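Written out below as structure tokens is the structure these notes cover.
A, B, ... follow the sequence lines: proteins, then strands. Residue 1 opens every chain. This is a predicted model, so every value here is computed, not measured.
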2 protein chains.
Amino acid sequence: MVEAQVDRFFEVLADPTRRQVVQLLGEGPRRAGQLAVATGASSPAMSRHLRILLEAGLIADERVPDDARVRLFHLNPEPVVAVQAWLDQVQAHWRDNLGAFKRHVETREKR
Amino acid sequence: MVEAQVDRFFEVLADPTRRQVVQLLGEGPRRAGQLAVATGASSPAMSRHLRILLEAGLIADERVPDDARVRLFHLNPEPVVAVQAWLDQVQAHWRDNLGAFKRHVETREKR
DNA sequence: ACAATAGTTAACGAATGAGTGAACTATTGC
DNA sequence: GCAATAGTTCACTCATTCGTTAACTATTGT
């Protein structure tokens, strides 16, 4: 996984609407129209968000057999894992000293 | 942890220079000048990035006893954990079916 | 054939955000 | 006291990005 890709993932996830889309697609595949309604975005706006998410590789689309007008979008697992890996790496140092950090965080349940 | 904060974290992390800063501060505390050199940013540019990171709560600063001109910056653990929590939640559905996704990811050790 | 549905594309305007140069504050060393 | 160091703030410019309206393609239903 290239660093430039992680760069792009963060840029793409900076937009609240797109993060909402990612969140919704985490639950399962959705159509463009559904995503527009759920997020309160207009059709053109959603269309562009989806294109950006597609080009970044965060999501992918499938055609449904019954209605050729509809595209079903679903989440790609890899990018989410890549972003988590980056955060893990940032954490690495203070996570491994299970002194200062562990005391620091154990007030809240993690995971 | 409020959703609006996670919103802000992603916005702040969208900038490559600021992600570099976060990465460097993950290794340990650094001074503003060190961060400027390491990232190739100018002093004013770095100063602004640090202010943004401070206001978002991603980092904090300490004064060093010997030289009062110097501010040492260090990373706050909570925001990183919060972003990871968000990503975990997105993953939740396909992570819990330890079928498709587990096969998908088990090439890399996760935690 | 025609209307409705699903979605995309293009052109425009407004807002946001990042970097720069110049001026400024505060502290340290001589 | 004065120069150097460390860093911040301000005013400005440039580019990017987001949403909207309007027009368009493709498909389905009657």
(message) Between C1' on D:dT17 and CZ on A:Arg51, what's the gap in Å once rounded to a whole number?
(response) 12 Å
(message) In whole Å, I'd like the distance from the CZ atom of A:Phe10 to the P atom of C:dG17.
(response) 18 Å
(request) For B:Asp67 and D:dT5, give me the distance from atom CG to atom C1', rounded to whole Å. (result) 8 Å
(request) Indicate, with a heavy-atom threshold strictly under 4.0 Å, whether A:Arg71 touches base, sugar-phosphate, or nothing. (result) sugar-phosphate
(request) Please determine if a side-chain N or O atom of B:Ser42 lies less than 4.0 Å away from the OP1 or OP2 oxygen of C:dG19. (result) no
(message) Does B:Arg18 reach a base, just sugar-phosphate, or nothing at all? Heavy atoms under 4.0 Å.
(response) sugar-phosphate
(message) From NE2 of A:His49 over to P of D:dG19, roughly how many Å is that when rounded to an integer?
(response) 4 Å
(request) Please report, rounded to the nearest Å, how far the P atom of D:dC18 is from the CG atom of A:Leu50. (result) 13 Å
(request) Take B:Ile52 and B:Pro44, find for each the nucleotide of DNA chain C with the closest heavy atom, and name the residue whose nucleotide sits nearer the 5' end. (result) B:Ile52
(request) Using only side-chain N and O atoms of B:Arg48, determine if any of them is under 4.0 Å from OP1 or OP2 of C:dG17. (result) no
(message) Quick check against the 3.5 Å criterion: does B:Arg19 have a side-chain atom that pairs as donor or acceptor with the backbone of B:Leu13?
(response) yes
(request) Find the distance B:Glu11:CD to C:dA15:P and express it as a whole number of Å. (result) 17 Å
(request) Measure from the side chain of B:Val70, starting at C-beta and using heavy atoms only, and say which of D:dA6, C:dA18, C:dT8 lies closest. (result) D:dA6
(request) Could you tell me the separation between the CZ atom of A:Arg19 and the P atom of D:dC18, rounded to a whole number of Å? (result) 12 Å
(request) Check every strand shown and say whether A:Asp66 touches a base, only sugar-phosphate, or nothing at a heavy-atom separation below 4.0 Å. (result) sugar-phosphate
(request) Establish whether the base of C:dT28 is bridged to the side chain of B:Arg69 by a donor-acceptor pair shorter than 3.5 Å. (result) no
(request) Output yes when a side-chain donor or acceptor of A:Glu55 lies under 3.5 Å from a complementary backbone atom of A:Ile52, and no otherwise. (result) no
(message) Tell me whether A:Val70 shares a hydrophobic cluster with A:Leu75, the cluster being built from Ile, Leu, Val, Met, Phe, Trp, Tyr side chains joined at under 4.5 Å.
(response) no
(request) Rounded to the nearest angstrom, tell me the gap between atom CZ in B:Arg31 and atom P in D:dT5. (result) 12 Å
(message) Could you check, using the six-membered ring where one of them is a Trp, whether A:Phe9 and A:Trp86 have ring centers closer than 6.0 angstrom?
(response) no
(message) A side-chain contact here means heavy atoms from C-beta on lying under 4.5 Å apart; do A:Leu50 and A:Asp61 qualify?
(response) no
